[in-house]
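All residue numbers refer to positions in the sequence shown, counting from 1.
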Amino acid sequence: MERLCHAFVLTEGSEAEYDRMHAEIWPELVAAIVDSGYRDYSLFRRGTHVICVCECHPDVATSRRRMTERHQDVVDRWNEAMEPLIATMVDDDGALFEYELCWYLEGDQT
C-alpha cells in the first residue's frame, strides 16, 4: 500500500457547488474508486484550497492504471462536470501537485 496526497485550487466562488457535488457523489464513481484500489479517500478544503489524501492498493501506479483501464468513461464525465470548479490542478507539465510522504504515525497509539 502507498499513500497519495495532492492539492489543487478551486475557482473563487465555486466552494459550495464543489461541496454539493461531493455530498451527492455518483455511486458509479465511488464504485470505480474502490475497484481501482483507492481506500480511506479524504478531501480537505480550506476556502478554495483542497487537499486529497488516500491509500492506494497495492500502489499508486496500479490504482491509476486500473482507473484508466476500467473506468475512463466515468472519470471523463466527472472531470467534465468538475472542470468549471477547478482553477488549478496540475503543473506546467500536466502533473498533479503531489506531496511526498515524509512521516507517518502508524496504528493506534493509545
Once rounded to the nearest 0.5 Å, what's the spacing between atom SG of Cys52 and atom OH of Tyr41?
3.5 Å
Could you walk me through whether Asp73 and Asp76 satisfy the side chain to side chain contact (heavy atoms under 4.5 Å, CB included) test, starting with their C-alpha distance in whole Å, then the side-chain angles of each, then the deciding distance to 0.1 Å, before giving a yes or no?
CA-CA 5 Å; Asp73 58 330; Asp76 288 345; 5.9 Å; no
Check the pair Leu101, Cys5 against side chain to side chain contact (heavy atoms under 4.5 Å, CB included), reporting the backbone distance first and the verdict last.
CA-CA 8 Å; Leu101 179 65; Cys5 176; over 6 Å; no
Can you list, pair by pair, the side-chain donor-acceptor contacts under 3.5 Å of residues 86-94, counting residues two or more places apart and other chains?
unit_1: Asp91; atom_1: OD1; unit_2: Asp93; atom_2: N; d: 2.8
unit_1: Asp91; atom_1: OD1; unit_2: Gly94; atom_2: N; d: 3.1
unit_1: Asp91; atom_1: OD1; unit_2: Ala95; atom_2: N; d: 3.0

Would you find a donor on one side and an acceptor on the other, under 3.5 Å apart, between the side chain of Thr68 and the backbone of Arg64?
yes
Pairs of donor and acceptor atoms involving the side chains of residues 23-37, under 3.5 Å and at least two apart or interchain, shall be tabulated with distances.
unit_1: Glu24; atom_1: OE1; unit_2: Arg20; atom_2: NH1; d: 2.6
unit_1: Asp35; atom_1: OD1; unit_2: Arg70; atom_2: NH1; d: 3.3
unit_1: Asp35; atom_1: OD2; unit_2: Arg70; atom_2: NH1; d: 3.1
unit_1: Asp35; atom_1: OD2; unit_2: His71; atom_2: NE2; d: 2.7
unit_1: Ser36; atom_1: OG; unit_2: Ala32; atom_2: O; d: 2.8
unit_1: Ser36; atom_1: OG; unit_2: Met67; atom_2: N; d: 3.3

Is there a continuous path of hydrophobic side-chain contacts, each under 4.5 Å between heavy atoms, that joins Tyr99 to Leu43?
no
With the 4.5 Å side-chain cut-off for hydrophobic clustering, are Val75 and Leu85 part of the same group?
yes
For Tyr18 and His22, take the angle between the two ring planes, folded into 0 to 90°, and tell me which bin it lands in: parallel under 30, tilted 30 to 60, perpendicular over 60.
tilted
Is there a donor-acceptor contact under 3.5 Å from the side chain of Arg45 to the main chain of Gly47?
yes
So, taking the atom named CZ in Arg46 and the one named CD in Glu15, what distance separates them when rounded to the nearest 0.5 Å?
13.0 Å
If you measure from CG on Leu10 to CG on Asp19, what distance do you get to the nearest 0.5 Å?
8.0 Å
Spacing of Glu2 atom CD and Glu55 atom CD [to the nearest 0.5 Å]:
11.0 Å
Working to the nearest 0.5 angstrom, can you tell me the gap between Leu4 CG and Glu100 CD?
12.0 Å
Could you grab the distance from atom CE of Met1 to atom SG of Cys54, nearest 0.5 Å is fine?
10.5 Å
Between Trp78 and Met21, does a side chain to side chain contact (heavy atoms under 4.5 Å, CB included) hold up when you go through it step by step?
CA-CA 10 Å; Trp78 182 259; Met21 287 189 70; 4.1 Å; yes
For Pro58 and Thr62, which heavy atoms make the closest approach, and how far apart are they?
CD-CG2, 3.6 Å
Are the side chain of Ser63 and the backbone of Val60 linked by a donor-acceptor contact shorter than 3.5 Å?
no
Inspect the contact between Arg3 and Glu106 and indicate whether a charged nitrogen and a carboxylate oxygen are less than 4.0 angstrom apart.
no
